[in-house]
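Residue indices begin at 1 and follow the sequence shown. Treat the numbers as computed from the prediction; the structure is a model and nothing was measured.
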Amino acid sequence: MNTTESTRRSMSTVKVTDDTFKTEVLDSEIPVLVDFWATWCGPCRMVAPILEELSEEYEGKIKIVKLDTDENQATAMAYGIVSIPTLNVYQGGEVVKSIIGARPKRALTQEIEDILAPAAAEASAE
């Protein structure tokens with residue numbers, strides 16, 4: 001992997017903070033998967049590259065963001081995050097799905113497809 005490709009991949013997911021959470025997540029027009037993580041969390045590091053890949057594959061359909069729970073404790077506490085990684089999916093400003101613990105790519109892909117299915121069905125019905 002060359003430097004340009006590595007840089008591009010690292011920018012797939014968006015870093016959010018307590019200050020940007022409302023704008024980036026709650027006010028988003030599309031569903032947002034929030035990865036609540038911390039640098040010291042081994043399973044978080046395992047799921048991170050999977051989320052980068054999914055962010056690219058589902059670009060424009062679902063936004064994938066990362067929130068460091070050590071640096072942004074107010075948001076983590078507001079949503080009752082006690083185990084990480086926790087992946088919350090927000091739609092219309094509300095949590096519609098919560099996935100606790102690392103999952104393989106196949107499982108996360110299915111979770112995303114399940115979330116996007118109702119929107120796809122509505123779009124094809126119009």
Considering only heavy atoms from C-beta outward, does the side chain of Val95 approach that of Val34 to under 4.5 Å?
-> no
Thr20 side chain to Val16 main-chain N or O, any donor-acceptor pair under 3.5 Å?
-> no
Which atom of Pro31 lies closest to which atom of Val89, heavy atoms considered | CB-CG1, 4.5 Å
Check whether any side-chain heavy atom of Lys63 sits under 4.5 Å from a side-chain heavy atom of Val65, and report yes or no.
-> yes
Would you say the side-chain atoms of Thr69 pair up with the backbone N or O of Ala76, donor to acceptor, closer than 3.5 Å?
-> no
Go through the steps for Glu71 and Thr17 under the test side-chain contact (heavy atoms from CB on, under 4.5 Å), then give the verdict.
-> CA-CA 8 Å; Glu71 295 176 2; Thr17 65; over 6 Å; no
How far does OG of Ser83 sit from CD1 of Ile100, to the nearest 0.5 angstrom?
-> 6.0 Å
side-chain contact (heavy atoms from CB on, under 4.5 Å) partner of Ile64, chosen from Val14, Val32, Leu33 = Leu33
Should Trp37 and Leu108 be regarded as members of a common hydrophobic cluster, given that ILVMFWY residues are connected when their side-chain heavy atoms come within less than 4.5 Å of each other, either directly or indirectly?
-> no
Minimum-distance pair of heavy atoms, taken over all atoms of Lys61 and Leu116 = O-CD2, 3.6 Å
Would a 4.5 Å heavy-atom cut-off, applied to side chains only, mark Ile62 and Leu54 as touching?
-> no
Straight-line distance of Ile112 CD1 to Leu87 CG, nearest 0.5 Å = 9.0 Å
Are the side chain of Asn88 and the backbone N or O of Ser98 linked by a donor-acceptor pair below 3.5 Å?
-> no
Separation of Lys66 NZ from Cys44 SG (nearest 0.5 Å) = 7.5 Å
Examine Ile81 and Leu26 and state if one hydrophobic cluster contains both, with Ile, Leu, Val, Met, Phe, Trp and Tyr joined whenever side-chain heavy atoms are less than 4.5 Å apart.
-> yes
How many angstroms lie between atom CG of Asp35 and atom CG of Leu51, to the nearest 0.5 angstrom?
-> 5.0 Å
Please examine the side chains of Lys22 and Asp27, heavy atoms only from C-beta on, and report whether any two atoms are closer than 4.5 Å.
-> yes
Stepwise side-chain contact (heavy atoms from CB on, under 4.5 Å) test for Trp40 and Asp70 | CA-CA 10 Å; Trp40 51 263; Asp70 287 341; 2.7 Å; yes
If every non-hydrogen atom of Gln73 is compared with every non-hydrogen atom of Asp18, which pair is closest and at what distance?
-> N-OD2, 3.8 Å
When clusters are formed by joining ILVMFWY residues with side-chain heavy atoms under 4.5 Å apart, either directly or through shared neighbours, do Val82 and Phe36 land in the same one?
-> no
Over 60° means perpendicular and under 30° means parallel, so classify the ring planes of Phe21 and Tyr79, tilted if in between.
-> tilted
Polar side chain donor-acceptor pair, Tyr58 to Glu113, under 3.5 angstrom = yes
Between CD on residue Glu59 and OG on residue Ser12, distance to nearest 0.5 Å | 7.5 Å
Scanning both residues in full, the closest heavy-atom pair of Thr13 with Glu52 reads OG1-OE2, 2.6 Å
Check whether more than 12 heavy atoms from other residues, nucleotides or ligands sit under 6.0 Å from atom CD of Glu57, and answer yes or no.
-> yes
With a 4.5 Å heavy-atom cut-off, do Leu67 and Val25 have their side chains touching?
-> no
